Amino acid sequence: MRRRTVTAGGLEEILRATEPAPAPAPPPAPSAGAPARREEHALRTEFEFELPRGYVDEAGTLHRHGSMRLATARDELRPLIDLRVKENPAYLSVVLLSQVITRLGTVTDVHAGVVERMYATDVAFLQDFYRRVNSEGHTRAAVTCPHCEGGFEVDLSGGRLGES
């Protein structure tokens, strides 16, 4: 296998060359006489979350609520050609999270610099959230009560216990 060294200019060239083909045109709408076909098992592609601590932006505003979309194969491959990841493999999660977080409070341009400035607790939460969403397809976690040892599920995307 031949190795290829990628420079910053080469990265954009590779990304353009690997862009997906345009989506085909949607099927025609059903006629007025035909019954509308309902999608019974719609795929959920975006998941809401609430950060344990929250991201504080340059203006001092705290952002805790956000959303993350499902990752594509391209999302997982793109960081592998990123020079920052090549220099420091631990940076992979920063780049990956910045690609799949679609919103964080009022911040809609979530880039690697935003993820870099998050508290470690929130980054760990987002890494676990990413894993659950993309490998298990849901945001629930099985837990055990420390007092009665009863098992139950909690939804990680919601607020803290006791908060609404």
Side-chain angles (χ1 to χ4, degrees), residues 6-8 10-12 14-20 23 39-164:
V6 179
T7 62
L11 175 64
E12 289 306 316
I14 291 171
L15 293 176
R16 272 194 306 275
T18 59
E19 291 226 355
E39 191 68 37
E40 291 183 26
H41 299 287
L43 176 65
R44 184 173 174 197
T45 60
E46 196 150 317
F47 297 82
E48 299 287 320
F49 62 81
E50 183 176 344
L51 294 174
R53 297 222 188 277
Y55 166 70
V56 181
D57 64 16
E58 297 83 18
T61 306
L62 179 68
H63 304 277
R64 290 187 63 203
H65 299 279
S67 62
M68 178 185 293
R69 66 172 173 77
L70 286 176
T72 63
R74 184 176 187 169
D75 291 326
E76 294 201 348
L77 292 171
R78 180 177 274 174
L80 299 177
I81 59 174
D82 190 300
L83 294 176
R84 297 168 296 185
V85 175
K86 286 184 181 249
E87 291 174 8
N88 181 2
Y91 202 74
L92 184 131
S93 64
V94 171
V95 175
L96 187 55
L97 288 173
S98 70
Q99 293 181 135
V100 296
I101 297 172
T102 57
R103 179 183 52 79
L104 187 56
T106 58
V107 179
T108 55
D109 180 26
V110 180
H111 50 82
V114 171
V115 178
E116 285 176 352
R117 291 189 302 270
M118 287 183 178
Y119 295 111
T121 309
D122 291 333
V123 173
F125 168 83
L126 288 169
Q127 289 170 330
D128 184 55
F129 193 75
Y130 174 91
R131 184 188 56 78
R132 287 182 185 281
V133 163
N134 286 286
S135 63
E136 300 171 18
H138 60 78
T139 59
R140 297 179 308 278
V143 295
T144 303
C145 175
H147 300 291
C148 69
E149 296 186 14
F152 59 97
E153 282 188 347
V154 294
D155 189 349
L156 296 176
S157 64
R160 296 183 190 170
L161 292 175
E163 292 183 359
S164 51

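Fair warning: this is a prediction, and the values are worked out from it, not measured in the lab.
- Remark: side-chain polar atoms of Arg64 are paired, donor with acceptor, to backbone N or O of Leu51 under 3.5 angstrom.
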Go through it in stages, so that I can follow the logic: the residues are Glu48 and Arg103, the test is side chain to side chain contact (heavy atoms under 4.5 Å, CB included), and I'd like the CA-CA distance, side-chain angles, deciding distance and then a yes or no. CA-CA 9 Å; Glu48 299 287 320; Arg103 179 183 52 79; 2.7 Å; yes
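- Atom CZ in Phe129 sits 11.0 Å away from atom CD in Glu50 (nearest 0.5 Å).
- Of the possible polar contacts, one joining the Ser135 side chain to the Arg131 backbone as a donor-acceptor pair under 3.5 Å is found.
- Side-chain atoms of Asn134 do not come within 3.5 Å of backbone N or O of Leu70 as any donor-acceptor pair.
- Taking 4.5 Å as the limit, every side-chain heavy atom of Asn88 sits out of range of all side-chain heavy atoms of Arg84.
- A pairwise comparison of heavy atoms in Phe49 and Met68 identifies CE2-N, 3.9 Å as the closest pair.
- In terms of the side-chain hydrogen bond (donor to acceptor under 3.5 Å, both in side chains) criterion, residue partners of Arg117 (sequence neighbours excluded) are, by chain and number, Tyr55, Glu58.
- Side-chain contact between Leu80 and Leu92 is present, with heavy atoms from C-beta onward closer than 4.5 Å.
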Would you tabulate the side-chain donor-acceptor contacts of residues 107-116 under 3.5 Å, counting partners in other chains and residues two or more places apart, or write 'none'?
residue, atom, partner, partner atom, Å
His111, ND1, Gly113, N, 3.1
Glu116, OE2, Tyr91, OH, 2.3

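- Comment: Asp82 does not engage Arg78 in a salt bridge, judged by the lack of any side-chain N to carboxylate O separation of less than 4.0 angstrom.
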Worked check of side chain to side chain contact (heavy atoms under 4.5 Å, CB included) between Leu97 and Met118: CA-CA 11 Å; Leu97 288 173; Met118 287 183 178; over 6 Å; no
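- Checking side-chain atoms of Thr102 against main-chain N and O of Ser67 turns up a donor-acceptor pair under 3.5 Å.
- Counting only heavy atoms from C-beta outward, the side chains of Val100 and Arg69 approach each other to under 4.5 Å.
- Minimum interatomic distance between Arg53 and Asp122 (heavy atoms only, all atoms of both residues): N-OD1, 2.9 Å.
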